[in-house]
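Chain A is the first sequence line, chain B the second, and so forth, proteins listed ahead of strands; every chain is numbered from 1.
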There are 2 protein chains.
Amino acid sequence: MTARVLEHPPAEEIRLEEVLHALADPARLEIVRFLAVSGAEVPCSAIDLAVSKSTTTHHYRVLREAGVITQVYRGTSKMNGLRRADLDRLFPGLLDSVVSAVEGQRADTAPATPPTP
Amino acid sequence: MTARVLEHPPAEEIRLEEVLHALADPARLEIVRFLAVSGAEVPCSAIDLAVSKSTTTHHYRVLREAGVITQVYRGTSKMNGLRRADLDRLFPGLLDSVVSAVEGQRADTAPATPPTP
DNA sequence: ATCTTAGTCCGACAGACGTCGGACTACCGA
DNA sequence: TCGGTAGTCCGACGTCTGTCGGACTAAGAT
């Protein structure tokens, strides 16, 4: 029963187009950014995405199936981690440039002026 | 009447998600790869895409509207060039890592069996 | 046992996407 | 002037995507 174990594509099957497609969405980019800067495994609920729970599940699955993240069940939650080693080997520099790009763009979008109530 | 001049987004309006989305397609990735390795401006017809003319037009437009390429009319053809300076400034390393990734993947995918018409 | 927490699965839906053929336009060259 | 060449525009099509609510399930906490 229970799909208690999630399927992950082996490294050799990770395709660049799919990775790029997986990254080409604000919610998923935020997940990847968060995982990259935190450098840790975190449960889905740790990242605030401003979409419903079902949509959140969907985005994590897209990332996992593209080979960008790993997901393992741990107790009542599911821990998500970046497949940094695989990605760095397959596409050297890609992850870092994307993450720093999104960090930079974030600085433009969510900048200086904090909430102005 | 002629839209003899094409609209390009100014550099400040280039969004990472859109660039990634533009790159997340085999045909468009091939265009970008070609432009990057050739380092030159080439007409649409210089790159063989295995899709129809209308589809080709569509892909070039997606790239231009995302800010990835420039397009200018020159005589009877339209020259396409990478916006490398803008991209390198906005997203340092991104273009290079994507291009070398696709080159690497190409080595796996394209070999042995050449076109069999 | 029961409740809570965390996430899944199942339609559903609107909009975007990649694709095409075919008619069209702009420019060059003979 | 008349082709030919290069690319555009216009529906149209099937598919994929992001989104949701709601019912569901697994594992801990009480």
Q) Are A/Tyr73 and A/Leu63 in one and the same hydrophobic cluster, where Ile, Leu, Val, Met, Phe, Trp and Tyr link if side-chain heavy atoms are under 4.5 Å apart? A) no
Identify the pairs formed between an N or O of the protein and an N or O of nucleotides 27-30 of chain D at a distance under 3.5 Å, and give each distance.
none

Q) Between A/Leu6 (CG) and C/dG7 (P), how many Å, whole number? A) 12 Å
Q: Give me the residues of residues 16-28 of chain A where at least one heavy atom lies under 4.0 Å from an atom of DNA chain C, by number, or none.
A: none
Q.
What I want to check is whether the side chains of A/Ser52 and A/Thr55 have a donor and an acceptor closer together than 3.5 Å.
A. yes
**Q.** Taking every non-hydrogen atom, the tightest pair across B/Asp25 and B/His59
**A.** OD1-CE1, 3.6 Å
Q) What heavy-atom pair brings A/Val98 and B/Leu16 nearest, and what distance separates the two atoms? A) O-CD2, 3.9 Å
Q. Do the side chains of B/Met79 and B/Val62 join up, straight or via other hydrophobic residues, at under 4.5 Å, putting them in one cluster?
A. no
What pairs of donor and acceptor atoms, side-chain ones from residues 31-41 of chain A against any protein atom, are under 3.5 angstrom apart with sequence neighbours left out?
| unit_1 | atom_1 | unit_2 | atom_2 | d |
| --- | --- | --- | --- | --- |
| A/Arg33 | NE | A/Glu30 | OE1 | 2.9 |
| A/Arg33 | NH1 | A/Glu103 | OE2 | 2.8 |
| A/Arg33 | NH2 | A/Glu30 | OE2 | 3.1 |
| A/Ser38 | OG | A/Phe34 | O | 3.1 |
| A/Ser38 | OG | A/Leu35 | O | 3.4 |
| A/Ser38 | OG | A/Ala40 | N | 3.2 |

Just list the side-chain donor-acceptor pairs under 3.5 Å for residues 86-95 of chain A, sequence neighbours left out, or say none.
| unit_1 | atom_1 | unit_2 | atom_2 | d |
| --- | --- | --- | --- | --- |
| A/Asp86 | OD2 | A/Arg83 | NE | 3.1 |
| A/Asp86 | OD2 | A/Arg83 | NH2 | 2.9 |
| A/Asp88 | OD2 | A/Arg84 | NH1 | 3.4 |

Distance-only donor-acceptor pairs under 3.5 Å for side chains of residues 65-72 of chain B, two or more places apart:
| unit_1 | atom_1 | unit_2 | atom_2 | d |
| --- | --- | --- | --- | --- |
| B/Thr70 | OG1 | B/Gly81 | O | 3.3 |
| B/Gln71 | OE1 | B/Arg64 | NE | 2.7 |
| B/Gln71 | NE2 | B/Asn80 | OD1 | 2.7 |

Q.
Let me confirm one number: the CG-OG1 distance from A/Leu49 to A/Thr56, rounded to the nearest 0.5 Å.
A. 5.0 Å
**Q.** Nucleic acid contacts of residues 35-64 of chain A, taken as heavy-atom distances under 4.0 Å to DNA chain D
**A.** A/Val51, A/Ser52, A/Ser54, A/Thr55, A/His58, A/His59
Q | Single hit among A/Glu18, A/Glu17, A/Glu12 for salt bridge (Lys or Arg N to Asp or Glu O under 4.0 Å) with A/Arg15 | A | A/Glu17
